[in-house]
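Source: prediction; values computed, not measured.
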Number of protein chains: 2
Amino acid sequence: MANNELSLDRTFHALSDPTRRSVIEQLMGGPATVKSLSEPFAIGLPSFMKHIKVLEDCGLISSQKKGRVRTCEINPVQLVVVEKWLSEQRALWESRTDRLAEYVEALNAKE
Amino acid sequence: MANNELSLDRTFHALSDPTRRSVIEQLMGGPATVKSLSEPFAIGLPSFMKHIKVLEDCGLISSQKKGRVRTCEINPVQLVVVEKWLSEQRALWESRTDRLAEYVEALNAKE
DNA sequence: AAAATAGTTTGCCAAATGGTGAACTTTTTA
DNA sequence: TAAAAAGTTCACCATTTGGCAAACTATTTT
């Protein structure tokens, strides 16, 4: 569970971009090549590769090249690290008051 | 539950900075003034106020001024929005395989 | 009334971010 | 073997970020 702070910085930052979140969503369905992942987006491959690198550097995905094709895969551990920070905050808040349950209900009701 | 995308962008970005995460953590204990929130950090007030603004713009906190003092408060709804995106991803992954449980266990075991 | 406190506004800066096009390498495929 | 496909590298660009100092406005305190 090493160096949390920097890891959280990078992971939250990685998730702050819609292109990168979309890549994550795609990868949830299973591994995919860079090319196929890039297709939904109207940006060049060099730009897209930067996003892949950001995701890889923070540990959200991993990739390997075989022949001329690079295949990416999700690494759920890193998502759990982030989820954990959030739920810890939630726990802090809940220990102070228990209004959060109401908020969540209200939020769910809005859908 | 309006405009999720932009809201997620801004909220993830807000959480990608350690100063801002620390402010969130402080506020989990209850409302506090800008000054008291800024004390742990070796940065000037103008810089600190930018962080407050980022947190307020994405809806993670709210604040109000009374006299010369501005008091900030956490707004847990926005945290829940982020938690939700993450747990949706986790659900996607779990629907594909159930190895995540193992990962989480392994992670928890490391503490 | 004078001084301290808490914030705000302004203008500045270096570095990081997210994009581009062009040129290049390495496989595959035709 | 020639051409297409999939990345990669490079140099460049505008914008955003996160910091600063200085000057300013209110409000408490003393």
**Message:** Please report the distance, rounded to the nearest Å, between CG in A:D9 and C1' in C:dA16.
**Reply:** 14 Å
**Request:** Using a cut-off of strictly less than 4.0 Å, decide whether B:R68 has a side-chain nitrogen or oxygen near OP1 or OP2 of C:dA4.
**Result:** no
**Message:** Can you measure A:H13 atom NE2 to D:dT16 atom C1' for me and round it to whole angstrom units?
**Reply:** 10 Å
**Message:** Less than 4.0 angstrom from a charged side-chain N to a carboxylate O is my criterion; do B:E88 and B:K84 meet it?
**Reply:** no
**Message:** What contact category does A:K50 fall into here, base, sugar-phosphate, or nothing, at under 4.0 angstrom with non-hydrogen atoms?
**Reply:** base
**Asked** Between C:dT8 atom P and B:Q64 atom CD, what is the distance in whole Å?
**Response** 13 Å
**Request:** Please work out whether the ring planes of A:F12 and A:W85 are parallel, tilted or perpendicular, with thresholds of 30° and 60°.
**Result:** perpendicular
**Request:** Could you tell me whether B:I43 contacts a base, only the sugar-phosphate backbone, or nothing, with contacts defined as non-hydrogen atoms closer than 4.0 Å?
**Result:** sugar-phosphate
**Message:** For the residue pair A:T33 / A:S36, report whether a side-chain donor-acceptor contact shorter than 3.5 Å exists.
**Reply:** yes
**Request:** Kindly say if A:K65 contacts the phosphate of D:dT8, meaning a side-chain N or O under 4.0 Å from OP1 or OP2.
**Result:** yes
**Message:** Does A:A14 reach a base, just sugar-phosphate, or nothing at all? Heavy atoms under 4.0 Å.
**Reply:** nothing
**Distance, rounded to the nearest Å, where A:M49 contributes CE and C:dG19 contributes P** = 14 Å
**Asked** Is A:S47 near enough to C:dT20 that one of its side-chain N or O atoms lies under 4.0 angstrom from OP1 or OP2?
**Response** yes
**Message:** Does D:dT8 have its OP1 or OP2 closer than 4.0 Å to a side-chain nitrogen or oxygen of A:R70?
**Reply:** yes
**Prompt:** Nearest to the side chain of A:H51, which nucleotide is it out of C:dG19, C:dA6, D:dG19?
**Reply:** C:dG19
**Message:** What is the distance, to the nearest angstrom, from the CD1 atom on B:I52 to the P atom on D:dG18?
**Reply:** 13 Å
**Message:** Can you work out whether A:T19 or B:V34 has the more 5'-proximal nearest nucleotide on DNA chain C?
**Reply:** B:V34
**Request:** Report the nucleotide, chosen from D:dG18, C:dT20, C:dT10, that has the shortest atom-to-atom distance to any side-chain atom of A:P46.
**Result:** C:dT20
**Message:** By nearest heavy atom, map A:V69 and B:L45 onto DNA chain C; which one lands nearer the 5' end?
**Reply:** B:L45
**Fill in**
A:R10 CZ to D:dT17 C1', in whole Å, measures 18 Å
**Ion pair A:E94/A:R90, N-O distance below 4.0 Å** = yes
**Message:** In this structure, how many angstroms lie between the C1' atom of C:dT8 and the CZ atom of B:F48, rounded?
**Reply:** 15 Å
**Message:** Distance check needed: C:dA16 P versus A:D17 CG, whole Å only.
**Reply:** 18 Å
**Prompt:** So, B:R20 side chain and B:H13 main chain: donor-acceptor pair closer than 3.5 Å or not?
**Reply:** yes
